[in-house]
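As the structure lists them, so they are numbered: ligands from 1, and atoms in each ligand from 1. When a residue number appears, it is its place in the shown sequence, counting from 1.
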Amino acid sequence: MPNNPSRNQPQRASKTQAMMSSYHTHNPLPNQCGSSLVQSIDAPLPLVWSMVRRFAHPEAYKQFIKSCTMRAGDGGIGSVREVMLISGFPAETSTERLEKLDDDMHVMMFRIIGGDINHRLVNFCSTTTLHEDEEVEGAMRRTVVIESYVVDVPVGSSEEDTCVFVDTVVGCNLRSLAKITEKMALKGQGV
Ligand code: A8S
């Protein structure tokens with residue numbers, strides 16, 4: 001019998017892999033880098049999605065964001081937001097456009113289109129997907145969030161330094177998303 005390694009894999013791995021190949025396989029240009037991060041959350045998918053899809057309110061879980069002002073649209077595809085960061089970063093603002101919002105497949109994508117002069121994440125594009133973790137039976141439903149990105153490596157910086165920086169920010173955002181939605185789920189504020 002042919003050896004089919006995917007056949008015996010747990011469902012979680014195969015679903016995450018399917019999401020990875022459908023939505024998180026990017027082809028960075030030679031001057032770009034990217035990666036993907038996976039976060040498991042002990043909260044139902046509709047609750048987690050309700051936070052992720054609110055393009056006008058990234059400060060609800062992204063801790064480095066102080067405030068957000070809409071520059072165009074009201075949260076649908078093509079909307080533009082301007083975020084103000086907390087102090088401690090070289091940049092103070094970032095201008096971002098919502099490229100994709102799929103409420104059926106739970107996919108959201110945004111792109112950074114501008115920001116202040118110290119902003120070094122040029123051509124940053126992030127994709128976030130959610131799927132249910134089917135592994136746990138009986139227990140509270142878990143959600144798997146995957147976020148991947150592609151960004152230009154700034155002149156004078158290395159691919160590694162750029163990815164370490166972005167992975168740190170994205171990792172903090174995902175952990176914060178988990179903490180907040182898990183707390184809401186426990187309090188019974190689930191959607
Ligand atoms: C996001 C992801 C990232 C945001 C980065 C990577 C950023 O908002 C911060 C510092 C910077 O220097 C770049 O989902 C920028 O928001 C926290 C302003 C873009």
Side-chain angles (χ1 to χ4, degrees), residues 19-20 23-24 26 28-29 31-41 43 47-73 75-103 106-131 143-181:
M19 294 304 272
M20 282 285 186
Y23 299 106
H24 302 283
H26 308 293
L29 298 169
N31 66 323
Q32 292 185 318
C33 67
S35 86
S36 52
L37 287 87
V38 180
Q39 174 79 50
S40 263
I41 302 184
L47 173 60
V48 181
W49 180 242
S50 71
M51 293 288 281
V52 170
R53 74 180 304 286
R54 284 205 308 163
F55 185 71
H57 294 286
E59 76 286 356
Y61 72 93
K62 295 185 181 183
Q63 292 174 320
F64 303 129
I65 297 181
K66 190 164 62 182
S67 63
C68 174
T69 309
M70 293 306 279
R71 296 289 177 218
I77 294 169
S79 296
V80 176
R81 71 186 175 197
E82 190 176 322
V83 303
M84 298 282 298
L85 299 193
I86 58 167
S87 60
F89 289 97
E92 287 179 0
T93 68
S94 173
T95 312
E96 307 173 349
R97 187 174 58 217
L98 184 61
E99 303 281 316
K100 192 172 187 168
L101 187 68
D102 186 332
D103 283 314
H106 309 111
V107 181
M108 95 87 106
M109 185 196 289
F110 77 92
R111 187 181 293 281
I112 292 180
I113 57 170
D116 68 60
I117 193 99
N118 295 315
H119 189 321
R120 284 163 57 84
L121 295 187
V122 174
N123 289 326
F124 176 87
C125 185
S126 151
T127 304
T128 301
T129 63
L130 271 57
H131 63 274
T143 303
V144 181
V145 182
I146 310 174
E147 181 164 355
S148 62
Y149 65 86
V150 173
V151 66
D152 288 5
V153 176
V155 176
S157 186
S158 70
E159 204 170 287
E160 202 198 330
D161 286 353
T162 306
C163 272
V164 165
F165 172 69
V166 179
D167 283 1
T168 304
V169 173
V170 171
C172 284
N173 288 343
L174 291 176
R175 277 190 300 278
S176 169
L177 176 67
K179 208 173 139 185
I180 290 168
T181 52

* For atom CD of E59, decide whether the heavy atoms of other residues, nucleotides or ligands shown that lie under 6.0 angstrom number more than 12. => yes

* Specify the protein heavy atom at minimum distance from atom 3 (C) of ligand 1: its residue, its atom name, and the distance to 0.1 Å. => V169 CG1, 3.5 Å

* To do: Give the minimum heavy-atom separation between L98 and F55, together with the two atoms involved.
  => N-CZ, 3.4 Å

* Asked: With a cut-off of 4.0 Å, which atoms of ligand 1 are near a heavy atom of I112?
  -> 19 (C)

* Tell me whether the guanidinium CZ or amine NZ of R120 lies under 6.0 angstrom from the six-membered ring centre of F165 and within 45° of its axis. => no

* Distance filter under 4.0 Å to F110 heavy atoms, resulting ligand 1 atoms -> 1 (C), 14 (O)

* Asked: Counting only N and O atoms by type, is there a donor-acceptor contact under 3.5 Å from the side chain of R53 to the main-chain atoms of D103?
  -> no

* **Proximal candidate to atom 10 (C) of ligand 1 [heavy atom criterion; set V122, L85, L121, V83]** => L85

* **Part of K62 within contact of ligand 1 (heavy atoms, under 4.0 Å)** => side chain

* T162 and P154: which non-hydrogen atoms are nearest, and at how many Å? -> OG1-CD, 3.4 Å

* To do: Could you pull out the closest heavy-atom pair between Q32 and E159, with the gap in Å?
  => O-OE1, 4.0 Å

* To do: Return yes or no for this condition: an N or O of E147 is under 3.5 Å from an N or O of ligand 1.
  => no

* **4.0 Å heavy-atom contact, F165 with ligand 1** => yes

